[in-house]
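Comments concern the structure below.
Within every chain, numbering begins at 1; the chains are lettered A, B, ... in the order of the sequence lines, protein sequences first and strands thereafter. FYI, side chains are in, hydrogens and waters are out, and symmetry mates aren't considered; it's all heavy atoms of this structure. Predicted model only: the values in this text are computed from it and were never measured.
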Amino acid sequence: MPELPEVETVRRGLDRILVGKQILSVDVLNDKTLQFAHTDLNTFVIGAKVVAVRRRAKMLIIDLDSDYSLLVHLKMTGQMVWRGAESWAAGHPNDSMVGDLPDRTTRIIFNFDDGQLFFNDQRKFGWIRLYPTNTLSDTPELAKLGPEPLTSDPTISFLRRIRRHPRTSIKAAILNQQVIVGVGNIYADESLWLAKVHPQTRVEGLSDDELLHLLECIQKSLQAGLNSGGSTMRNYVRVDGTRGNYLDKFAHVYGREGEPCDRCGHEIIKIKVAGRGTHICPNCQKLR
DNA sequence: CTAGGATCCTGTCAGC
DNA sequence: TGCTGACAGGATCCTA
């Protein structure tokens, strides 16, 4: 799914398009996606205007002038698509970004007077919840999260939090949102390659300096993803109309098994770590 | 605390 | 062609 760079790309688009607009109605095409009392739609959502669109970890926060906020998680296959005078899409890249909507992946539709916002999610893991804006930071979803890697200084918090898991693999540790937020399977692999750390290395086997260097590599990888525009309609459809892969713009190892390492030329291999497909250069990333 | 597996879903792809 | 199993950018829950 969308990791931090993709969710932040969604956030920027929604903030630009939605702020100041009023939600006229909501169509619920999949009951389980909207995870709050549906009667609350009438009380706190319909008729409200969007005040701001924020992000925490991999979640979107749509603040409404009812003093309630929609909390959105795209999980593996969630995407947001705006259709109005302008057409815009970001999140999980697939044909729903460019085809007629609603389609079979559409779960929720927010209707505005000048357009529609589609929440599409093929696998139905994604969800939308509703909380009073001033209670958000105390919710189970947000309360225990680790620091943001690209805003504020995460170093002290990161070190303290990752040291709580001395015997876990470094890959599992950086995927843990209570240690550092925003890292998913792609950016975990990219960061570990950049830092030349084998994903199965135990946390206790790395010094503070090595962990902080890895943190810098996490920040660099996430920033590279963000700079390439996350996964948006623009980079999903190439100029010639064919389908593109935004990973090509920055990925060194993810999805590149069998290809040569950009640094040493050794063949990239795919293994399994922490239950996830994991891409490494076995020459650059040796298990000590 | 930790590893591993199952789970929530739908779709695609490789191999037979 | 059809079938089967593995796998997919997330996260939680359970067992051992």
TODO: Not counting sequence neighbours, which residues clear side chain to side chain donor-acceptor pair (under 3.5 Å) with N42(A)? List them please.
DONE: none
Just the table, please: protein N/O against nucleotides 11-13 of chain B N/O, every pair under 3.5 Å.
residue : atom : partner : partner atom : Å
dG11(B) : OP1  : R104(A) : NE           : 3.4
dG11(B) : OP1  : R104(A) : NH1          : 3.3
dG11(B) : O4'  : Q122(A) : OE1          : 2.8

Open item on the list: On the nucleotide dC8(B), are OP1 or OP2 found under 4.0 Å from the side-chain N or O atoms that K32(A) carries?
Closed with: no
- [ ] Considering only Ile, Leu, Val, Met, Phe, Trp and Tyr, and joining two whenever side-chain heavy atoms are under 4.5 Å apart, list the other residues clustered with I156(A).
- [x] none
Open item on the list: Students often get this wrong, so: under 4.0 angstrom with heavy atoms, is P93(A) touching a base, only sugar-phosphate, or nothing?
Closed with: base
TODO: Ignoring the backbone of K270(A), work out which of dA11(C), dT10(B), dC7(C) is nearest its side chain.
DONE: dC7(C)
- [ ] Answer yes or no as to whether dC8(B) has its base stacked against F125(A), where stacking requires a ring-centre separation under 5.5 angstrom and planes under 30 degrees apart.
- [x] yes
Open item on the list: Suppose the criterion is side chain to side chain donor-acceptor pair (under 3.5 Å): which pairs have a residue in residues 166-176 of chain A, not counting sequence neighbours?
Closed with: K171(A)-N185(A), K171(A)-D189(A), K171(A)-T278(A)
Task: Phosphate OP1/OP2 of dA11(C): any Q177(A) side-chain N/O under 4.0 Å - done: yes
Open item on the list: Rounding to an integer number of Å, can you tell me how far K144(A) NZ sits from dA11(C) P?
Closed with: 16 Å
TODO: Rounded off to whole Å, could you give me the CG-to-P distance for the L145(A) and dG10(C) pair?
DONE: 15 Å
TODO: Kindly write out the residues that satisfy ring pair (Phe, Tyr, Trp, His ring centres under 6.0 Å) with H252(A), not counting sequence neighbours, or none if the list is empty.
DONE: W193(A)
Open item on the list: For K21(A), is the NZ atom crowded, meaning more than 12 foreign heavy atoms sit under 6.0 Å from it?
Closed with: yes
Open item on the list: Expressed as a whole number of angstroms, how long is the span from H92(A):NE2 to dG10(C):C1'?
Closed with: 13 Å
- [ ] Sequence neighbours left out, what passes side chain to side chain donor-acceptor pair (under 3.5 Å) with R276(A)? Give chain and number order.
- [x] none
Task: Residues forming a side chain to side chain donor-acceptor pair (under 3.5 Å) with T9(A), sequence neighbours excluded - done: none
- [ ] Report the residues that fulfil side chain to side chain contact (heavy atoms under 4.5 Å, CB included) with S207(A), sequence neighbours left out, ordered by chain and then residue number.
- [x] D209(A), E210(A)
- [ ] Write down the distance between CG (D121(A)) and C1' (dA8(C)), rounded to a whole number of angstrom.
- [x] 13 Å
Distances for protein N or O near nucleotides 14-16 of chain C N or O, under 3.5 Å:
none

Task: E141(A): which of R129(A), K58(A), R56(A) passes salt bridge (Lys or Arg N to Asp or Glu O under 4.0 Å) - done: R129(A)
- [ ] Flag the pair E216(A) and K220(A) as a salt bridge only when some basic side-chain nitrogen lies within less than 4.0 angstrom of an acidic carboxylate oxygen.
- [x] no
Task: Phosphate OP1/OP2 of dG4(B): any K272(A) side-chain N/O under 4.0 Å - done: no
Task: Residue closer to the 5' end of DNA chain C, L175(A) versus T278(A) (nearest nucleotide) - done: T278(A)
Task: Watson-Crick or G-U stems of DNA chain B, 3 or more pairs, under 3.5 Å, by first number - done: B:2-8 with C:10-16, B:10-16 with C:2-8
Task: Partner set under side chain to side chain donor-acceptor pair (under 3.5 Å) for Y68(A), not counting sequence neighbours - done: none
Task: Any K124(A) side-chain nitrogen or oxygen under 4.0 Å from OP1 or OP2 of dC8(B) - done: no
TODO: Name every residue in residues 161-174 of chain A that has at least one heavy atom under 4.0 Å from any atom of DNA chain C, in order of residue number, or write none if there are no such residues.
DONE: none
